[in-house]
Amino acid sequence: MALQARQPSGNEVRIALPADPMKTLSIRRPDDWHLHLRDGAMLRAVLPETTRHFARAIIMPNLVPPVVTAADAVAYRDRILAAIPDGATFEPLMTLYLTEGTDPADVAAAAACGLVKAVKLYPAGATTNSSSGVRDLTRVMPVLEKMAEIGLPLCTHGEVTTPEVDIFDREAVFIDTVLDPLRRRLPELRVVMEHITTEEGAAYAAEGGETLGATITTHHLIINRNHILAGGIRPHYYCLPVAKREKHRLALRRAATSGNPRYFLGTDSAPHVDALKEHACGCAGCFTATNTMPLLAHVFEEDGALDQLEAFASLNGPAFYRLPVNKDVLRLEKRPEPNAFPEKIASGAGPVTVFDPGFPVHWHVLP
Ligand code: DOR
Ligand code: ZN
């Protein structure tokens, strides 16, 4: 940092001030409790961005066609394992995509052998590749009852798709009309509210007790809806659930940095090639795998809560999923020079833009 002092003559003299003292932070290696890896060339391009910092991730099943059965999950897990870069250690935690044809016995078998850690509920039409999702919850009750019995978590994309409901209200309406009635009917069902974006979502999760968790993305801690829409439309900030107004972002910041075990990191890092983001009908998704950990260190430091980053990124998720905490650590360092994140990463199908927080980030992950 340099200050400019004005001399009586009008000449400027630059006085060097000491740079911010270097800070370091060591946390248990984090996990990502909500991640899209896709398949094929895209999988091979994006997986190293996650394995660099994360030990495990809950892998979203919304491929085309989706990962519906235990056999689908085995085959997808094997493709992921084959794409792990040499020298990296990474455990994909597989999920099944809930359809109205899902067989409860297949789900139970996939959970019993440890293959599958959760089932994902996409309301049909809610987001990318959700057309095979659930239209009528009563049709999947036998699966949900089995999951409640065996303790297998249900990850929910918590938005209603009714056309009359405004897109900014979809999450709050889902909580009132779908999630809360479901949890009253099946109190043992363990539920993760994925990528919460509202004050209402954060408040509901806080009251939910041990059967409820909520993931929060990196980008929803950083952007509000103005970032998407004011001064020109910015497709790389468009994701679902869409970012809401500022008071909601602030509620998410309070939740994430609170240390409350109900909240944990799920990046929802969702790669789409630029050609499909910068499009007349652009895809939803922010790609944050590359820079999530430095961004989170920035956010938590800004809120005076660096001491809570480990709970959010490395402890609360394993506690909810009843898995051990990672043994090794991730070290971060705050340096005077900002981190030079790549603007894009190459994939077989074209470039994928890395999420741009819009401010310099001085935290670096140490190798
Ligand atoms: O923004 C999103 N992108 N939200 C989702 O729910 C799905 C994801 C994707 O698969 O691209
Ligand atoms: Zn997602």
Side-chain angles (χ1 to χ4, degrees), residues 31-40 42-43 45-47 49-50 54 57-67 76 80 92-98 117-134 153-161 167-168 170-171 174 192-198 201 213-225 227-228 233-244 252 264-279 281-289 292 317 347 349-350 352-355:
D31 304 299
D32 185 348
W33 300 97
H34 183 131
L35 176 67
H36 297 269
L37 286 177
R38 317 298 190 205
D39 215 339
M42 183 63 93
L43 164 65
V46 300
L47 184 56
E49 302 301 296
T50 286
F54 295 93
I58 284 276
I59 310 299
M60 286 296 125
N62 62 334
L63 305 182
V64 188
V67 179
Y76 186 33
I80 295 169
L93 306 173
M94 306 309 292
T95 63
L96 297 178
Y97 185 118
L98 184 61
K117 297 291 187 276
V119 171
K120 178 71 188 265
L121 166 67
Y122 287 106
T127 187
T128 312
N129 304 334
S130 61
S131 55
S132 316
V134 175
L154 178 73
C155 295
T156 57
H157 182 108
E159 292 191 285
V160 294
T161 53
I167 191 164
F168 292 100
R170 286 177 166 195
E171 180 172 300
F174 180 88
V192 183
M193 302 171 70
E194 296 291 343
H195 42 52
I196 55 170
T197 58
T198 58
T215 58
I216 302 179
T217 76
T218 312
H219 51 282
H220 287 116
L221 296 173
I222 294 174
I223 58 167
N224 63 32
R225 62 195 200 179
H227 292 91
I228 312 171
I233 188 158
R234 285 170 219 270
H236 295 289
Y237 289 154
Y238 172 63
C239 67
L240 287 171
V242 69
K244 310 295 191 294
L252 298 176
F264 40 93
L265 172 64
T267 65
D268 198 14
S269 181
H272 293 279
V273 293
D274 284 356
L276 294 177
K277 291 288 294 174
E278 299 164 10
H279 190 275
C281 183
C283 293
C286 297
F287 181 68
T288 55
T292 273
S347 84
V352 174
T353 292
V354 175
F355 177 75

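Whatever order the structure lists them in is the order used to number ligands and atoms, beginning at 1.
- Looking at every heavy atom in both residues, His157 comes nearest to Lys120 through N-CE, 3.7 Å.
- Of the possible donor and acceptor atoms, none in the side chain of Asp31 sits under 3.5 Å from a partner among the backbone N and O of Trp33.
- Residue contacts with ligand 1, taken as heavy atom pairs separated by less than 4.0 Å, do not involve Asn129 at all.
- Rounding to the nearest 0.5 Å places OG of Ser269 at 8.5 Å from NE2 of His36.
- Under 2.8 Å from the Zn ion (ligand 2) lies no N/O/S atom of His157, from backbone or side chain alike.
- Heavy-atom proximity to His36, at under 4.0 Å, picks out these atoms of ligand 1: 7 (C), 8 (C), 9 (C), 10 (O).
- Of all atoms in ligand 1, listed by their number and element, those nearer than 4.0 Å to a heavy atom of Cys239 are 1 (O).
- Here the protein heavy atom with the shortest distance to atom 4 (N) of ligand 1 is Leu240 O, 2.7 Å.
- At a cut-off of 3.5 Å, with distance as the only test, a side-chain donor of Thr353 or Asp274 sits close to an acceptor on the other residue.
- The protein heavy atom nearest to atom 7 (C) of ligand 1 is Thr127 OG1, 3.2 Å.
- The shortest N or O to N or O distance between Ala284 and ligand 1 is below 3.5 Å.
- Heavy atoms of Lys120 found under 4.0 angstrom from ligand 1: none, in either backbone or side chain.
- Using a 4.0 Å cut-off to heavy atoms of Ala270, the atoms of ligand 1 that qualify are 3 (N), 8 (C), 9 (C), 11 (O).
- A distance of 11.0 Å separates OG1 of Thr197 from CD1 of Ile223, quoted to the nearest 0.5 Å.
- At under 3.5 Å, a nitrogen or oxygen of Asn62, whether backbone or side chain, sits near a nitrogen or oxygen of ligand 1.
- Within the model, atoms OG1 of Thr215 and CG of Leu35 stand 11.5 Å from one another, a figure rounded to the nearest 0.5 Å.
- Looking at Asp268, its N, O or S atom nearest to the Zn ion (ligand 2) turns out to be OD1.
- Within ligand 1, counting atoms from 1 as listed, the ones closer than 4.0 Å to a heavy atom of His272 are 9 (C), 11 (O).
- Within the structure, ligand 1 lacks Met60 among the residues with a heavy atom less than 4.0 angstrom away.
- At a threshold of 2.8 Å, the Zn ion (ligand 2) has no backbone or side-chain N, O or S atom of His195 nearer than that distance.
- Close approach to His157 involves these atoms of ligand 1, each under 4.0 Å from a residue heavy atom: 6 (O).
- With the Zn ion (ligand 2) as the vertex, NE2 of His34 and NE2 of His36 span 110° to the nearest 10°.
- The six-membered or imidazole ring of His220 lies away from that of His195, with a centre-to-centre distance of 6.0 Å or more.
- By the 30° and 60° cut-offs, the orientation of the rings of Tyr237 relative to His227 is perpendicular.
- More than 12 non-hydrogen atoms from other residues, nucleotides or ligands lie less than 6.0 angstrom from CD1 of Ile167.
- With values rounded to the nearest 0.5 angstrom, Lys117 atom NZ is found 8.0 Å from Ile58 atom CD1.
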